[in-house]
Amino acid sequence: MALSFDLGRQLDAQLRQAAEGLAAFSNDFAPEVRPADPRFGDFQANGVLAFAKKAKANPRQLATQLVDALIALDGFSGALVQPKKGEPTPPPNGIDYSIEIAGPGFINFRASTGVLAQWLGDFRDEDAFKKGASSRFEGRKIIIDYPSPNTAKQMHIGHLRPMVIGEAVARILEFCGANVIRDNHIGDWGTNFGTLIMAIKREGVDLGALGDNGLPEIERLYKLGTALEKEDPAVRDISRNELVQLQQGDAENTAIWQQIVALTNLVFEKTYARMGVTPDVTLGESFYCDKVDRIYTELTECGIAEESDGALVVWHDEVKKFARDNERPYPFNIRKQDGASNYGSTDLATVLYRVEHFKADEIVYITGGPQQDHFEQLFLTVDKWFTCKDYSKPQLEHVWFGTILGEDGKAIRTRSGESIQLASLLDEAVARASKMAAEKTKSPDLTDEEKAAIAEAVGVGAVRYADLSQNRTQDYVFAWDKLLAFEGNTAPYLQMQGARIHSILRKLGLQPGEGEEGASALETDTELALARKLLNFPVALEMAISDLRPHHLCTYLFELAGAFSSFFSADHVMVDEPDIKARRVMLCARTLAALETGLHLLGIQTLQRM
RNA sequence: GGGGGAGUAGCUCAACGGAUAGAGCAGCGGUUUUCUAAACCGUUGGUUGCGGGUUCGAUUCCCGCCUUCCCUGCCA
């Protein structure tokens, strides 16, 4: 039998096929195949229970019928066995799966060691995994909007999450066959430029003289500007006028603005490089400033937008919280009273451009949780507008994340007070990793350059992993001790397991994939547990994809590394028997492939030595 | 007022309506002349905030409370 990369999906499809031939089942039957508790098997199908409830039928009877049909299916090799408590029965010789019907109607599947060996032989490395996974999206065009920082501000700790989460999401989708475009939608066109230009002119600052690290000075000018505006309303009007001048193409203001943007981008590039973030396009808000008139026109034509208090807004009365007759009305504002565009208008123009120019099937926005209302309004507006104009509608996803909190449990602020600069955060992480490595290393002969590269990978990896390994919608407290704890479910632990595998292969004089000829069937509990964990790599990918939450992949990698570590402690690889040695070498290489593939998808560097 | 998040072991967190709610850290007890001990093995620890409901089955879904953080039209 030919095996799919994702055996669970394959079983799912086969169960559906089996159900098609049965009168008792209908088209809406979903097998719900998922990984099982190892006590029960490798996979379980729970769908019969839900279906039986709806059909008011006996679930065990339905399960029996379904399993009979499945076994009779061409191209499926399985045998029904009696459930026993404790260890499930392995399949009889030459049969791929043993199947049990258990409890109220669970269907449990246990793969034979032959299936394990075949799967591990078919999917040997990152390329094979990718090939196996690529059928998931089959070239679907997905635009991912990240990290999308605002121009004229230094990157601080608040910029960590969009970069880390966005990059992981992009890599995972790409790996699963999507045609991903990373679109860095920088905030280069906001009200803040009015304030900045006002302050720059007032202070007579020469931006050209600031060198390539002028951001702190620009930040200082912005703070000064906002302070002045607060003191004197007349200054606020000047700023507003500077902004309008800029938007109307005034030469002097445009030149100042261009300098600010160029200066900012230069600094940002360095951080992107360090974080492994590679935008495909950088089309900021300014790119859309000549495209917003069409938005006003079309939305007004369609009767979607209307004037309200001098602004142009869209009401979504059908959604309670946005309705106009609320105590506090909450429209979607797309043009300000002063006629200027805002992020409502540019975001609408951006959706249209992404559909018309990039032919986007899907757009994913990576931003913080507080923007949920904005995106809900944006998506509702796009839906109505595209329906009116009969434009092809993309799938729109808002992937939002929680806030990074300070030790006091409050959000780390950007404008008030001292926020931690991203570069110094990373530097400190690397310094701590370096110190840790000096104490713990098993490779004292490393050169200084190698040590530095390892510290960079471990330090930055630890910070990334700490951010990715918990559910993204959670807030989390930023604490050095926590972020740089190199124990348990952390990047250094995973990197270390990889390094251990490289070490054993090095000692054997083998490249990954070599030395596996003549391997015998897996036998020990730890070998089998590891092999079964490897089989679940596609499941972890699927879970990470289904709601774009990378922490599922982290959890899987940690479990995989744990299964490997248990195996590595219990089963010696360098044994005399060539068949046993070969199969253990195979497990090492395959674990390495899954582990490194997973870490790469998370944007974390892997290491050969530590 | 409206909306969203969180509430699970001492701490930090998992758990796509499924089987006896799991990890890590901390604690306790073991393991190293043997392939990287940043490791492994064992163990202690729970009324899943409270009260109802839905059903074969609820941490998960629904209703009502409690605590807490955040958002709530012209910044993005």
Side-chain angles (χ1 to χ4, degrees), chain A residues 32 34 36-37 39-40 44 46 49-50 52-53 59 102-106 148-150 185 187 189-192 195 285 308-313 319-323 326-338 340 342-344 346-347 367-374 376-377 400 402-403 405 409-411 436-437 439-443 458 469-471 473-477 479 482 485-490 492-493 495-497 499-508 539 542-543 546-547 551-552 554-555 558-559 562 565-566 568-570 572-575 584 588 609-610:
Chain A
E32 288 180 35
R34 58 193 61 173
D37 185 313
R39 287 171 302 178
F40 305 123
Q44 58 177 322
N46 299 344
L49 284 162
K53 187 194 281 189
F106 299 110
S148 310
N150 287 333
H185 190 74
W189 202 244
T191 308
N192 54 326
T195 303
E285 286 160 356
S308 169
D309 294 341
L312 192 64
V313 304
V319 177
K320 199 173 153 197
K321 65 176 163 180
F322 300 135
N326 279 348
E327 201 173 320
R328 301 186 201 186
Y330 196 178
F332 185 50
N333 200 323
I334 63 170
R335 191 179 61 203
K336 297 193 282 187
Q337 279 178 329
D338 62 8
N342 64 356
Y343 75 138
T346 50
D347 277 358
T367 85
Q371 294 190 47
Q372 285 175 93
D373 285 345
H374 168 72
E376 200 177 337
Q377 290 176 316
W400 61 274
T403 313
L405 306 173
K410 303 230 166 147
M436 182 74 74
E439 292 164 7
K440 301 273 191 177
T441 185
K442 297 284 170 180
S443 309
V458 170
S469 60
Q470 66 181 341
N471 197 332
T473 53
Q474 291 250 17
D475 292 349
Y476 73 87
V477 174
K482 188 180 152 198
F486 296 152
E487 289 168 310
N489 188 9
T490 64
Y493 172 78
Q495 287 166 321
M496 169 58 68
Q497 299 312 320
R500 292 171 83 190
I501 300 173
H502 278 292
S503 173
I504 181 80
L505 293 175
R506 208 161 39 232
K507 289 219 158 104
L508 288 162
V539 178
E542 181 56 38
M543 286 179 72
S546 64
D547 52 2
H551 78 280
H552 288 123
C554 296
T555 303
F558 180 59
E559 287 171 2
S565 208
S566 298
F568 201 61
S569 303
H572 219 67
V573 177
M574 290 186 192
V575 293
R584 291 181 181 168
C588 286
R609 305 181 70 192
M610 279 179 82

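Everything numeric in this text was worked out from a predicted model, so none of it was measured. The sequence lines fix the lettering, A, B, ..., with proteins before strands; numbering per chain opens at 1. The figures that follow rest on heavy atoms only: side chains count, while hydrogens, waters and symmetry mates do not.
Counting atom types as modelled, K53(A) pairs a side-chain N or O with a base atom of G57(B) as donor and acceptor under 3.5 Å. A donor N or O paired with an acceptor N or O is not found under 3.5 Å between the base of G24(B) and the side-chain atoms of T490(A). With hydrogens and angles left out, the side chain of Q497(A) and the base of A39(B) share no donor-acceptor pair within 3.5 Å.
D309(A) comes within contact range of at least one nucleobase, with a heavy-atom separation under 4.0 Å. S546(A) comes within 4.0 angstrom of no nucleic acid atom, judged by non-hydrogen atoms across all strands. At the heavy-atom level, Y493(A) lies under 4.0 Å from the strands shown only through sugar-phosphate atoms. I334(A) comes within 4.0 angstrom of no nucleic acid atom, judged by non-hydrogen atoms across all strands. Using a 4.0 Å heavy-atom distance criterion, W189(A) is classed as making no nucleic acid contact. Counting non-hydrogen atoms under 4.0 angstrom, A437(A) reaches a base of the nucleic acid.
Here the side chain of F106(A) is nearest to one of C35(B), A38(B), G18(B), namely G18(B). Each of G2(B), G18(B), G4(B) was ranked by its minimum atom distance to the side chain of Q372(A); first place goes to G4(B). For F558(A), whose side chain is taken as the heavy atoms from C-beta onward, the closest listed nucleotide among A23(B), U34(B), U36(B) is A23(B). Ranking C35(B), A37(B), A19(B) by closeness to the K442(A) side chain, first place goes to A37(B). The side chain of N46(A) lies closest to G18(B) when the candidates are G18(B), G24(B), A38(B). Taking only side-chain atoms of K507(A), from C-beta outward, the nucleotide of A15(B), C35(B), A37(B) with the closest atom is C35(B). Of the listed nucleotides (U72(B), U36(B), A14(B)), A14(B) has the atom at the smallest distance from the side chain of Q470(A). Distance from the side chain of Q44(A) is smallest to A19(B) among A19(B), G5(B), G73(B). Checking C40(B), C71(B), A39(B) against every side-chain atom of P370(A), the shortest atom distance belongs to C71(B). Out of G3(B), A26(B), C40(B), the shortest distance to the side chain of K321(A) is found at G3(B).
OP1 or OP2 of C40(B) has not a single side-chain nitrogen or oxygen of S566(A) nearer than 4.0 Å. Within the 4.0 Å cut-off from OP1 or OP2 of C35(B), not a single side-chain nitrogen or oxygen of H502(A) is found. For C40(B), neither phosphate oxygen OP1 nor OP2 lies less than 4.0 angstrom from any side-chain nitrogen or oxygen of S569(A). For R500(A) and A37(B), the shortest distance from a side-chain N or O to OP1 or OP2 is below 4.0 Å. Between U72(B) and H374(A), no contact under 4.0 Å exists linking OP1 or OP2 to a side-chain N or O. Contact annotation: S308(A) side-chain N/O to G73(B) OP1/OP2 distance is not under 4.0 Å. OP1 or OP2 of A14(B) sits under 4.0 Å from a side-chain N or O of Q474(A).
Taking atom CG of residue L505(A) and atom P of nucleotide C35(B), one finds them 15 Å apart after rounding to whole Å. Rounded to whole Å, atom C1' of A15(B) lies 13 Å from atom CG of D547(A). Residue M496(A) contributes atom CE, which lies 11 Å from atom P of C40(B) at whole-angstrom precision. We find that CG of L405(A) is positioned 12 Å from P of U12(B), with the value rounded to whole Å. Rounded to whole Å, the distance from CG on D37(A) to P on A21(B) is 11 Å. Put simply, CD on E327(A) is 16 Å from C1' on G73(B), counting in whole angstrom units.
If you take atom P in A38(B) and the same atom in U43(B), they sit 24 Å apart, rounded to whole Å. Across A6(B) and C61(B), the matching P atoms stand 10 Å from one another, rounded to whole Å. U12(B) and G7(B) have their C1' atoms separated by 14 Å, with the value rounded to a whole Å. To the nearest whole angstrom, the two P atoms, one in A9(B) and one in U48(B), are 10 Å apart. Across the C1' atoms, C50(B) and U59(B) are found 15 Å apart, a figure rounded to whole Å. For the C1' atoms, the distance linking C28(B) with U44(B) amounts to 7 Å, nearest Å. Using atom P as the reference point in both G53(B) and U8(B), the two lie 24 Å apart (nearest Å). Using atom C1' as the reference point in both G10(B) and G57(B), the two lie 32 Å apart (nearest Å).
By the 5.5 Å and 30° criteria, F568(A) is not stacked with the base of A39(B). Residue ring and nucleobase are not stacked for Y330(A) and G73(B) under a centre distance beneath 5.5 angstrom and an angle between planes beneath 30°. Look at H572(A) and the base of U34(B); the rings do not stack under the cut-offs of 5.5 Å between centres and 30° between planes.
Stem regions annotated for RNA chain B: B:1-7 with B:66-72, B:10-13 with B:22-25, B:27-31 with B:39-43, B:49-53 with B:61-65, counting only runs of 3 or more consecutive pairs of Watson-Crick or G-U type with both contacts under 3.5 Å.
Between Y493(A) and F558(A), the gap from one ring centroid to the other is short of 6.0 Å.
Taking the six-membered ring for Trp and thresholds of 30 and 60 degrees, H374(A) and Y343(A) have nearly parallel ring planes, at less than 30 degrees apart.
The OG1 atom of T555(A) sits 6.5 Å away from atom CG of N489(A), with the distance rounded to the nearest 0.5 Å. In this structure, the separation between CD on E32(A) and CD on Q44(A) is 10.0 Å, given to the nearest 0.5 Å.
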